[in-house]
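Count residues from 1 along the sequence.
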Amino acid sequence: MDNDKLYELDCTVERIVYRNEENGYTVIETTADGNEITAVGTMPEVFEGEHLHLLGRFTSHSSYGEQFKVDAFESIMPTTTLGILKYLSGGAVKGIGAATASRLIKAFGENTLEVMKNEPERVAALKGISKEKAQSFSEQLKRAVNIRDLMAYLSSFGVSTLEAVNVYKEFGNEAMEIIELNPFALCLGETGISFETADMIAQKKEIPFDSGLRIRAGLTHVLKHNTQNGHTCLPEDKLVATASTFMNIEEEKTLEILEELLTENNLARDEIRGRSFIFLPEYYESEGYIAARLKMMLRFPAPAFRDTQNQIDIIESKNRITYAGKQREAIESALNKGLLVLTGGPGTGKTTTLNAIIEVLRCNGQKVLLAAPTGRAAQRMSEVIGSEAKTIHRLLEVQWDKNDRPEFKKNEQHPLDCDALVLDELSMVDDELFESVLRALPMACRLILVGDSDQLPSVGAGNVLAELIASGVIPVVSLDRIFRQSEQSLIVTNAHHIVKGEMPDLSRKDSDFFFLGANTMAQARDIILSLCNQRLPKTYGVNPISDIQVLTPGKKGVLGTFELNKALQEVLNPKDEEKDEITFNNTLYRVGDKVMQVKNNYDILWTKYSGECGEGIFNGDIGIIESINKPQRMMRIKFDDRYANYDADCAMNLELSYACTVHKSQGNEFEFVVIPLKKNSQFLFYRNLLYTAVTRAKRMLILVGDVQTVEYMVNNNIRTLRFSGLAEFLKRE
């Protein structure tokens with residue numbers, strides 16, 4: 001059967017196999033056209049005996065065989081006495097079994113459901129059914145009808161079944177009434193509904209463009225949208241101008257509604273560097289907490305160690321190393337002050353310094369935990385430190401709430417069991433995650449924060465590392481001396497040129513940093529294909545799939561990840577009758593392909609080749625497809641020393657990764673890196689993106705493009721600016 005074709009099925013629910021009450025995910029056994037079918041999907045309030053109209057696709061599960069994956073459904077309540085009997089006997093209404101269902105049908109016949117829903121007093125008149133029970137029956141049936149009516153109504157505006165379930169979870173039986181009064185309530189909570197969809201519904205209800213309801217939602221929407229660009233707040237004048245233009249209304253009206261929101265504490269205002277800024281409350285509170293907790297750590301630091309200079313001397317002698325002045329300063333600060341930001345570019349000795357700090361701490365009986373924001377960053381930290389490092393989410397023991405947002409078991413009530421925490425790659429950590437780390441720290445715990453502030457900032461809102469440094473309050477040691485062994489690397493020296501706003505040396509042909517000119521994007525693509533498929537493997541004997549990584553600024557265009565991955569797949573892993581292939585989400589995957597997990601999935605089971613088992617494949621993890629089972633629509637993927645099985649659902653967060661974006665490469669290092677640089681958008685070409693890309697290369701880096709693009713990126717430093725209040729809050733008494 002065609003797995004990509006949409007089918008429509010009319011069926012009757014025979015049995016509920018599984019139901020998740022939180023999100024409505026349901027597995028049912030059903031009969032359609034005389035065939036027994038297992039259907040899976042978001043189908044809340046569906047019960048045995050119901051007639052359903054399903055829209056979806058046939059898929060194959062590794063354990064459960066062929067299934068019908070439901071994209072959308074309509075429910076037709078039973079109207080015959082036999083159908084009603086099966087519906088009520090199947091558990092649709094709690095408190096009703098087969099005997100009670102028979103009595104109800106005997107009393108009310110085909111009108112049973114209508115009477116139960118709208119006339120509970122008639123039901124209560126039956127012997128053995130109290131008024132309370134009859135009212136409960138009525139409310140349960142109303143819930144089932146309400147959620148179906150809500151799904152049917154919202155689906156006409158393009159709202160998915162799962163989003164409709166989220167709306168119902170937020171507003172309950174009053175959902176339709178709330179939407180009738182204020183459609184914009186849909187986009188203000190955790191429903192996943194966009195402002196544009198809510199606005200569409202409002203227009204249908206003829207709500208005026210300058211309605212206070214619309215402006216309130218529009219202001220909040222603009223602030224929320226800008227959190228996706230990293231801003232935790234916006235200047236008030238910028239917010240008002242942007243929101244007014246977005247909603248096509250007068251600024252005076254927007255200002256009036258803004259004041260209402262501030263008076264009600266639905267938004268927060270603060271003055272930063274003489275300018276008024278507006279925050280969403282959650283980010284205002286988050287940055288306020290971070291600042292307060294760090295200042296408390298400075299005021300009540302972990303106990304200082306005695307004779308730190310002598311302890312450093314002992315470590316130097318033991319490891320046959322002499323620490324530079326700033327390295328010693330960093331070690332002393334971590335031991336004496338209990339809070340340190342250690343920063344510096346490549347080749348400046350961050351790892352050497354960090355190893356010394358950890359060694360001295362452990363020699364003094366301190367329990368030290370290590371963490372990083374991504375799986376790959378944690379793995380690399382483990383390798384260079386020689387001790388286990390966990391992702392921050394693992395460290396804090398993540399669990400997920402009903403809206404699929406992370407909650408952490410480790411917090412103020414259940415803190416981490418450690419004397420010191422070392423957190424690496426801090427530039428990748430956003431405000432909300434850093435707040436969670438601080439909430440889990442025990443009192444008097446040392447905190448060593450490590451990162452490179454010149455790299456790309458976090459995907460989430462905030463600019464933690466840069467703000468901590470800018471505050472001037474937190475002890476910071478910035479390593480800026482390039483050590484002799486690193487001076488021989490043009491990758492290192494050019495990275496430092498870039499970060500200073502100076503042009504890298506593109507003329508050398510005798511080192512580890514090369515520039516190859518290309519007049520057009522098509523020419524740049526062809527050079528990249530030749531490098532990966534022929535020139536680098538032939539010259540250096542490297543594996544083109546595991547050793548070479550193409551990093552590109554964006555996803556679109558000839559030199560974006562979409563097109564480059566197709567082209568690289570064709571030359572590095574071409575079609576072969578002996579290699580199985582399969583299509584998921586419009587992407588063709590083939591045995592031998594290089595792939596990347598692009599979102600943390602803590603539920604994927606993996607097995608090491610030694611037999612050890614575990615779970616969790618993380619954002620940035622890179623693997624190779626080992627095998628494909630087409631009948632079961634499964635892939636087995638090798639990630640370093642372990643493998644995991646992927647079905648269609650898991651593959652939703654998988655991409656080909658012969659080429660990946662610079663953002664996705666953060667926290668990783670690769671032997672050979674090839675970077676296409678032909679400017680087609682000012683938004684993706686800026687200094688710290690180039691710097692981040694260059695510093696991903698360990699052995700060799702090759703830029704392919706034109707000098708003008710390199711020069712533009714070196715000079716374009718605007719992207720690093722983010723609106724945040726953290727530095728200001730740290731400075732305040």
Side-chain angles (χ1 to χ4, degrees), residues 226-227 229-236 238 268-280 283-299 301 326 329-330 333-334 337-345 348 350 373 423-435 437-438 447-480 495-496 498-501 666 686-689 691-692 695 716-733:
N226 275 277
T227 63
N229 297 323
H231 305 298
T232 63
C233 56
L234 287 178
E236 183 173 336
K238 182 180 178 69
R269 174 192 277 144
D270 208 316
E271 187 171 298
I272 299 173
R273 296 180 295 277
R275 191 176 185 185
S276 178
F277 280 77
I278 306 298
F279 294 75
L280 291 167
Y283 286 101
Y284 191 63
E285 292 166 10
S286 179
E287 293 195 330
Y289 176 84
I290 292 170
R293 181 64 201 272
L294 291 177
K295 285 190 282 189
M296 182 183 291
M297 292 176 70
L298 291 172
R299 187 177 177 189
K326 284 198 172 182
E329 179 189 342
S333 183
K337 296 179 181 178
L339 177 60
L340 171 69
V341 172
L342 177 64
T343 185
T348 57
K350 287 202 303 291
L423 185 56
D424 198 11
E425 296 286 0
L426 188 65
S427 64
M428 300 173 67
V429 178
D430 61 37
D431 271 8
E432 290 183 312
L433 187 56
F434 190 54
E435 177 192 356
V437 170
L438 293 179
L447 181 61
I448 294 95
L449 305 168
V450 186
D452 186 343
S453 59
D454 294 310
Q455 286 190 25
L456 291 170
S458 59
V459 174
N463 200 3
V464 174
L465 177 57
E467 291 284 297
L468 296 187
I469 295 171
S471 73
V473 173
I474 308 299
V476 176
V477 176
S478 181
L479 304 177
D480 51 15
H496 285 269
I498 291 166
V499 85
K500 293 175 185 175
Q666 228 175 330
Y686 42 92
R687 185 189 299 170
N688 63 342
L689 185 137
Y691 173 77
T692 301
T695 54
N716 180 17
N717 201 29
I718 191 68
R719 183 71 181 193
T720 59
L721 298 177
R722 286 188 171 192
F723 293 120
S724 167
L726 181 55
E728 175 69 20
F729 298 161
L730 281 164
K731 292 176 186 176
R732 293 177 183 172
E733 290 296 328

Does [X] reach the main-chain N or O of [Y] with its side chain, forming a donor-acceptor pair under 3.5 Å?
{"X": "K731", "Y": "V473", "answer": "no"}
{"X": "E435", "Y": "I290", "answer": "no"}
{"X": "Q666", "Y": "L456", "answer": "yes"}
{"X": "E728", "Y": "I272", "answer": "no"}
{"X": "T343", "Y": "G451", "answer": "yes"}

Checking L449 against L465 for the side chain to side chain contact (heavy atoms under 4.5 Å, CB included) test, could you report, in this order, the C-alpha distance in whole Å, the side-chain angles of both residues, the deciding distance, and whether it holds?
CA-CA 8 Å; L449 305 168; L465 177 57; 5.8 Å; no

- [ ] Could I get the full list of ring pair (Phe, Tyr, Trp, His ring centres under 6.0 Å) partners for F277, not counting sequence neighbours?
- [x]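 For F277 the ring pair (Phe, Tyr, Trp, His ring centres under 6.0 Å) partners, ignoring immediate neighbours, are F723.
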
What is the distance from atom [atom1] of [X] to atom [atom2] of [Y], rounded to the nearest 0.5 Å?
{"X": "L339", "Y": "M296", "atom1": "CG", "atom2": "CE", "answer": "13.5 Å"}
{"X": "S458", "Y": "M428", "atom1": "OG", "atom2": "CE", "answer": "9.0 Å"}
{"X": "K295", "Y": "F729", "atom1": "NZ", "atom2": "CZ", "answer": "9.5 Å"}
{"X": "L468", "Y": "L426", "atom1": "CG", "atom2": "CG", "answer": "6.5 Å"}
{"X": "L294", "Y": "L438", "atom1": "CG", "atom2": "CG", "answer": "5.0 Å"}

Check whether any side-chain heavy atom of [X] lies under 4.5 Å from a side-chain heavy atom of [Y], and answer yes or no.
{"X": "R687", "Y": "N716", "answer": "no"}
{"X": "V459", "Y": "D430", "answer": "no"}
{"X": "T348", "Y": "H496", "answer": "yes"}
{"X": "T692", "Y": "L689", "answer": "no"}
{"X": "D454", "Y": "N688", "answer": "no"}

Holding to salt bridge (Lys or Arg N to Asp or Glu O under 4.0 Å), I want the full list of residues that pass it with E425, two or more places apart in sequence or in another chain.
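By the salt bridge (Lys or Arg N to Asp or Glu O under 4.0 Å) rule, E425 matches R380.
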
message: So, using side chain to side chain contact (heavy atoms under 4.5 Å, CB included) as the criterion, who are the partners of K337 when residues are at least two apart?
response: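 For K337 the side chain to side chain contact (heavy atoms under 4.5 Å, CB included) partners, ignoring immediate neighbours, are S333, P475.
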
Quiz item: What do you reckon, are the aromatic ring centroids of F434 and Y289 less than 6.0 Å apart?
Solution: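 No, the ring of F434 stays outside the 6.0 Å limit from the ring of Y289, centre to centre.
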
